[in-house]
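Accompanying notes for the structure given below.
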Amino acid sequence: MNRKRSLITLLTAVTVMLTLFTTTGITKGSDDNTQAESDFEVTYQFHNQNAGEAYGTISVTTGKAGTYDLYWGDKNGEKLSYEGVEFSQLGTVTTTEARLQAEYQVVSPYTVIPEGAETLLLCDSQSQTVDTYEIPQSKQFQGGTLSYKFGIMSDVHYNRYSDYSADDSVPAFDNALNFMSAQKIDFVGMTGDLSSSGEKTAYEKFNAAIAKHPDLTVYTTTGNHDDRNLNDFKKLVNTKAKSDPNIKNIANEGLDFIYEKGGDIFIFLSQTKWDYFSDKSYIVTQEQLNWLEKNLNAYAGNNVYLFFHTYFASENGDVTTAVGNLINPGGYTYDLTYRFGCADEKRFRALLNKYPNVTLFSGHSHWAFDQQKYNPNLNIGNIKSDKTGASLVHISSVAAPRTIEANAEKRNENNGVRSEGMVALKYQSCTVYMGVDLKNGKYLAYASYLNPDGKKGTPEPAITTGKTKITKIGKIKKMKKTSKKNPKYQTTIRFRKVAGAVQYQIQYSTGKKFKAAKTKTRYTKKTKYTITKLKAGTTYYIRVRAYRTQFGERIYGKCQKIRKIKTPKKKKAKKKKKAKKAKKK
């Protein structure tokens, strides 16, 4: 009996201990200092039902006060990685003893739930997962098959942040190219500023870096620092384009060109002027915009990726809310912005408004990706607020991603400390842009975005202009107020109207071939024109052509028939009678 009572007593004690073990929140495998998983909870309120879009509010309840990180997790509940490279945290929350609940708002509406992410992990300060949220299958990424991937970088700035022998940009760019090569990316596009001030040595350093990766294609535009020495840029940079079978078009003596990859079009448009402050300023020429417009039309049915250095203001002219810029609470903002409303900016913007199949990459401001805390649109957006125009993507700097404290009046350059770029994944129906911490070799979950392919169009057919026929040439008359010694003549011509003509070009020449030295050119909107100041005793050939415009270029028609006129000879001066008599004597 005593043995039975002892056994009952022992079983009762064990039961009490197990009860205490459970109710105090200690779980299997935990110690007394670890909070039970049941004391943690993560919920996710998505702001839409679109697959792969992370935009929403994440609510967190913690068992104890502290700072916790949110990570994307794979199907096994492990932190997500891509091609062996981990993603950084998506965000961070902090709870206090007074308030054990916190919220994290996903900053950008474009933030992506990367491919392979099936869970959201809440991790403590020791990087241990304390709770997991299962992402609904309908919200997981569904972009289809991966077609290819490419890298995007900007603002290397050789020679700018240190002396030539200890240039911070050298290891930064070398490291960036090593990352791209290791990720098996065969194409990198850049938005310019290789140099400090267009120095030849910067271009040579750039070539030395990419020469270490012969299987990696790297192309770039110019930036505002490079345009101070365009001659050396043309000679030394993008030399591979001359023999690359994927190059479809080269213009502007090699500065502007088109690269094709997987049926998609990559346009490199170089900035040719540093002229930011005047209403009449420009940073690209009208000829460049003519070329761009013509090619955007030609590729209206393709995905087009456009590399250009300087970012655009918001559609209302505000540069502080632009993709590529910000303003901190202290009032600091970047000042070298594309002048809103100047002639080239207006025309360029109109093209971006017209072609939603285009994505524009720009750098210039150097703002680090995490500075989107001051402007949710900093890293990605659209040229139009209703998202019906071209997409815009901001690229941080390889050499010096800038940051600024909330109330600071001076930014931090971070050269040698930070290095950032992007890897783009082209899927069947969208492009995913993954920000990269190139210094530490991590993908940035908070700076990774999903952008659906923009609506494609149909190219406008090339227009033609009808022939012009001179129907009448008036009498050749001596002009009033002209000298007797050197008289001038005029005549009025009439010609047939051409449908849709913008203007008519009148050319008259002393040579049949209308060589420039012998030819004068005039324009009119009317169907008659008076040609003046014709020399005496001279044969003139006259032709008239109408023109229409398309893509900024004049499309001339032909002159049906060249006409010929001859002005009267000079009258010989009458000899005086006295002179005659003198000769007779």
Side-chain angles (χ1 to χ4, degrees), residues 230-231 234-235 249-256 272-273 280 282 284-294 343-344 462-498 500-573:
L230 293 178
N231 288 334
K234 292 175 185 178
K235 292 176 184 177
N249 188 310
I250 300 178
N252 200 14
E253 299 181 13
L255 282 180
D256 305 325
T272 53
K273 293 285 184 181
K280 296 182 179 179
Y282 68 94
V284 291
T285 66
Q286 289 301 309
E287 289 74 20
Q288 286 181 283
L289 291 175
N290 290 347
W291 177 84
L292 176 63
E293 184 174 1
K294 188 173 183 178
D344 61 326
I463 65 171
T464 58
T465 304
K467 292 182 179 180
T468 311
K469 182 179 181 181
I470 299 173
T471 57
K472 184 178 179 180
I473 298 179
K475 290 183 179 181
I476 299 172
K477 299 178 181 179
K478 186 178 180 181
M479 295 179 67
K480 295 178 181 180
K481 298 181 181 181
T482 186
S483 68
K484 292 181 180 180
K485 186 177 180 181
N486 190 21
K488 301 292 183 182
Y489 295 88
Q490 67 181 41
T491 184
T492 299
I493 62 172
R494 295 178 183 273
F495 36 89
R496 190 172 292 165
K497 185 177 181 180
V498 174
V502 175
Q503 277 190 323
Y504 299 89
Q505 182 196 67
I506 298 97
Q507 290 184 309
Y508 53 102
S509 177
T510 56
K512 292 181 180 181
K513 294 184 178 180
F514 289 86
K515 291 183 178 180
K518 298 181 177 182
T519 304
K520 293 189 182 298
T521 302
R522 303 289 184 265
Y523 294 91
T524 182
K525 293 182 179 181
K526 299 179 180 180
T527 54
K528 70 174 184 177
Y529 186 81
T530 300
I531 301 172
T532 61
K533 296 182 180 180
L534 300 173
K535 295 179 181 179
T538 306
T539 298
Y540 286 93
Y541 299 88
I542 304 171
R543 67 182 180 186
V544 179
R545 300 188 298 170
Y547 74 81
R548 301 167 67 191
T549 57
Q550 187 177 36
F551 317 129
E553 295 181 345
R554 294 177 178 181
I555 312 298
Y556 284 97
K558 293 183 178 180
C559 180
Q560 191 166 349
K561 186 178 180 181
I562 296 172
R563 302 291 294 270
K564 182 173 72 171
I565 63 170
K566 188 172 183 179
T567 57
K569 293 182 180 180
K570 288 183 184 180
K571 291 183 179 181
K572 292 183 180 180

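For this chain, numbers begin at 1 and follow the sequence in order.
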Worksheet item: Do Arg496 and Gln560 have side chains that get closer than 4.5 Å, going by heavy atoms?
Response: yes
Worksheet item: Where do Ile542 and Ile531 come nearest, in terms of heavy atoms and distance?
Response: CD1-CD1, 4.0 Å
Worksheet item: Under 6.0 Å from the NZ atom of Lys294, do we count more than 12 heavy atoms belonging to anything else shown?
Response: no
Worksheet item: Which distance, rounded to the nearest 0.5 Å, do you find between the OH of Tyr282 and the OG1 of Thr272?
Response: 6.5 Å
Worksheet item: Can you name the closest pair of heavy atoms from Cys559 and Val544 and give their distance?
Response: CB-O, 3.2 Å
Fill in: Steps toward side-chain contact (heavy atoms from CB on, under 4.5 Å) verdict (Lys234, Leu255)
CA-CA 6 Å; Lys234 292 175 185 178; Leu255 282 180; 3.8 Å; yes
Item to complete: Kindly say whether Thr538 contributes a backbone atom to a donor-acceptor pair with the side chain of Thr567 at under 3.5 angstrom?
Response: yes
Worksheet entry | Distance (rounded to the nearest 0.5 Å) between Asn231 CG and Glu253 CD | 8.0 Å
Practice prompt. Could you tell me the separation between the CZ atom of Arg554 and the CD atom of Gln503, rounded to the nearest 0.5 Å?
Written response: 6.5 Å
Worksheet item: CD/Gln507 to OH/Tyr523 distance, rounded to the nearest 0.5 angstrom?
Response: 7.0 Å
Discussion item. Using side-chain heavy atoms (C-beta onward) and a distance below 4.5 Å, is Lys561 in contact with Ile470?
Written reply: no
Worksheet item: Take atom NZ in Lys558; do more than 12 heavy atoms of anything else shown fall under 6.0 Å from it?
Response: no
Fill in: Spacing of Thr492 atom OG1 and Lys472 atom NZ [to the nearest 0.5 Å]
9.5 Å
Worksheet item: Is Lys488 atom NZ crowded by more than 12 heavy atoms from other residues, nucleotides or ligands, each under 6.0 Å away?
Response: yes
Discussion item. Under the criterion side-chain contact (heavy atoms from CB on, under 4.5 Å), I'd like the reasoning laid out for Thr285 against Asn252: C-alpha separation, chi angles, the key distance, then a yes or no.
Written reply: CA-CA 10 Å; Thr285 66; Asn252 200 14; 5.6 Å; no
Worksheet item: Is a side-chain N or O of Thr468 found less than 3.5 angstrom from the main chain of Ala546, in a donor-acceptor match?
Response: yes
Worksheet item: Which atom pair, heavy atoms only, marks the closest approach of Ala251 to Trp291?
Response: CB-NE1, 3.2 Å
Worksheet item: Arg543 and Ile562: which non-hydrogen atoms are nearest, and at how many Å?
Response: CB-CG1, 4.1 Å
Practice prompt. List the atom of Ala536, the atom of Lys570, and the distance in Å for their closest heavy-atom pair.
Written response: CB-CG, 3.9 Å
Discussion item. For Gln490, is there any backbone N or O sitting under 3.5 Å from a side-chain donor or acceptor partner on Thr532?
Written reply: no
Practice prompt. Check Tyr508 against Arg522 and note the closest heavy-atom contact, atom names and distance.
Written response: OH-NH2, 3.8 Å
Item to complete: Could you walk me through whether Tyr540 and Thr491 pass side-chain contact (heavy atoms from CB on, under 4.5 Å), step by step?
Response: CA-CA 11 Å; Tyr540 286 93; Thr491 184; over 6 Å; no
Discussion item. For the residue pair Arg545 and Phe514, would you count it as a cation-pi contact if the rule is NZ or CZ under 6.0 angstrom from the ring centre and within 45 degrees of the ring axis?
Written reply: no
Fill in: Distance flag, aromatic centroids of Tyr504 and Tyr529, threshold under 6.0 Å
no
Item to complete: Would you give the length of the straight line joining atom CD1 of Ile463 to atom CD of Gln550, rounded to the nearest 0.5 angstrom?
Response: 4.5 Å
Discussion item. As a quick check of understanding, evaluate side-chain contact (heavy atoms from CB on, under 4.5 Å) for Thr524 and Phe495, giving each step before the final call.
Written reply: CA-CA 11 Å; Thr524 182; Phe495 36 89; 4.0 Å; yes
Worksheet item: Does any N or O in the side chain of Ser509 come within less than 3.5 Å of the main-chain N or O of Lys518, such that one atom is a donor and the other an acceptor?
Response: yes
